Amino acid sequence: MHELPPIVFIGPTAPREDVLSVLPDALVARPCRRGDLYRYRILKHSIFLIIDGVFGGSLAVPPREVIDVIKDGAVVIGASSMGALRSADCYPAGALGIGIVYRLYRRRAISSEDEVAVTFREDRPYPSLTDPLINIRVALRRAVNLGVMTAADGVSIVAAAKSTHYSHRTWSAAFKDAGVIPPMATQEFLKGADAKRQDAKLAFRRLEKWLRTGALRPQPPKYGLGLFGLLDEGRERGPDPLDGTKIDAIRDDLVAWIVVSGYIHRMHLHGLSTQEITSKLTVEQANTLWAAISTSFDFDAALTGFNVFNRAVREARRLGISPEASDLQDAELELACAHQVSCWNELATSGRLSTPDLAKQRDLHALTKSLRRILFPPASAQEPMEHQPQWERN
């Protein structure tokens with residue numbers, strides 16, 4: 001057992017009792033925000049479970065902070081809400097993700113923070129005042145699969161919910177805006193299908209098991225305060241996703257990676273339709289795209305993903321690792337999901353991406369997956385992701 005208790009960041013997704021009933025020794029903290037991981041790591045805490053986090057009006061915990069504490073020897077686990085999003089972002093760096101929301105982010109079936117966003121009272125964070133879009137999606141998919149709702153009605157309700165700002169998104173508003181009023185029994189079923197809370201409970205149980213069996217192996221702090229770049233005034237440094245690399249030197253490669261990997265569909269690019277962008281860009285199109293990318297609020301996260309991806313490729317090549325057939329299949333599935341198509345063949349024949357560019361990206365993706373498989377084998381705490389349909393897992 002570790003000397004210091006795990007830190008669990010939670011807010012509107014589930015009450016404190018859900019945590020303490022499974023992890024009675026855990027330190028339950030407010031929703032995670034920028035600097036929290038640094039502060040607790042400086043105090044020598046080594047295991048972090050992020051369920052909820054802030055964004056919008058407050059500074060969200062950035063991917064760089066998650067990666068920093070992992071590099072320092074800590075274990076970072078995410079599920080349900082902001083935790084699922086950040087663990088998917090930082091999966092190549094060693095973050096662990098749990099649950100259906102994480103898998104949907106990881107497979108890029110969803111990408112926006114808006115999917116899990118809710119409003120809540122700071123003094124009484126549970127329950128939330130609105131309903132998250134991801135709960136609405138999952139509940140409706142289950143209702144359609146069970147035959148208690150038609151697919152057309154489900155699509156209409158999801159569209160209505162998606163078009164509503166998260167601060168006003170509720171089941172009642174979605175029903176009204178869609179013009180679909182299900183029977184009361186169906187409404188109760190839909191409102192009771194809380195995917196975020198189910199994922200949180202799963203994360204608590206899995207963390208308890210890992211702690212009990214000694215499966216997690218965090219390390220004591222390696223670098224001290226210097227790693228986190230604290231200034232004399234006590235302020236945290238701004239993230240440097242490229243570790244000092246000049247942006248002009250990697251601009252073209254970054255744009256190519258964002259487009260071909262499908263990361264572009266996760267970004268909010270003002271005035272551009274990502275569905276129309278191809279890898280066969282003219283100089284003028286490339287400049288327009290770069291202007292949109294470089295001013296997007298997702299820019300730092302994209303830089304971090306690009307940097308981590310390239311590091312993984314270099315390390316795999318240094319170790320002389322070769323992808324297996326399963327790595328290539330996983331890479332093809334991930335790229336297809338990232339580009340929002342059903343399968344690799346559909347992506348490869350769509351004509352939107354250059355065949356050589358796409359094949360190269362698939363091979364590099366497979367290389368990073370082979371490195372992950374070797375560094376984190378199934379026997380360790382980093383259990384392999386279940387390869388099951390995205391919507392059909394409970």
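This is a predicted model, so every value here is computed, not measured.
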Closest approach of A79 and A203, non-hydrogen atoms and distance? CB-CB, 3.8 Å
Is it true that R318 and E315 have a side-chain N and a carboxylate O under 4.0 angstrom from each other? yes
Please check: side-chain N/O of R217 versus main-chain N/O of A215, any donor-acceptor pairing under 3.5 Å? yes
side-chain hydrogen bond (donor to acceptor under 3.5 Å, both in side chains) partners of residues 78-89, not counting sequence neighbours, each pair once: S81-K196, R86-D89, D89-R266
Please check if the side chain of R169 supplies one atom and the backbone of T164 the other of a donor-acceptor pair under 3.5 Å. yes
D363/K360 ion pair, N-O < 4.0 Å: no
Between F9 and R33, is any pair of side-chain heavy atoms under 4.5 Å apart? no
Mark yes or no for whether E113, through its side chain, and M82, through its backbone, hold a donor-acceptor pair below 3.5 Å. no
Got L49 and I47 here, is their nearest side-chain heavy-atom distance under 4.5 Å? no
Look only at the side chain of H339 and the backbone of V341, and say whether a donor-acceptor pair between them is shorter than 3.5 Å. no
Is it the case that the side chain of D52 and the backbone of T13 share a donor-acceptor pair, with hydrogens and angles ignored and the cut-off at 3.5 Å? yes
Would you say H45's side chain and P6's backbone share a donor-acceptor pair under 3.5 angstrom? no
Using a strict threshold of under 4.0 Å (side-chain N to carboxylate O), is an ion pair present between D68 and R41? no
On the ring face of Y91, is R372 found with NZ or CZ under 6.0 Å from the centre and within 45° of the axis? yes
Can we say R106 and E334 salt-bridge, meaning some charged N sits less than 4.0 Å from an Asp/Glu carboxylate O? yes
Look at the side chain of D199 and the backbone N and O of I100, then say whether any donor-acceptor pair between them is shorter than 3.5 Å. yes
For P182, is there any backbone N or O sitting under 3.5 Å from a side-chain donor or acceptor partner on Q187? yes
Less than 4.0 Å between a side-chain N and a carboxylate O, is that true for D36 and R30? yes
If you apply the rule side chain to side chain contact (heavy atoms under 4.5 Å, CB included), what do you find for R16 with Y126, and how did you get there? CA-CA 9 Å; R16 292 169 55 92; Y126 180 83; over 6 Å; no
Is a side-chain N or O of H168 found less than 3.5 angstrom from the main chain of T130, in a donor-acceptor match? no
Is E65 reaching over with its side chain to a backbone N or O of G35, donor-acceptor style, under 3.5 angstrom? yes
Can you confirm whether K162 is buried at NZ, in the sense that more than 12 heavy atoms of other residues, nucleotides or ligands lie under 6.0 Å from that atom? no
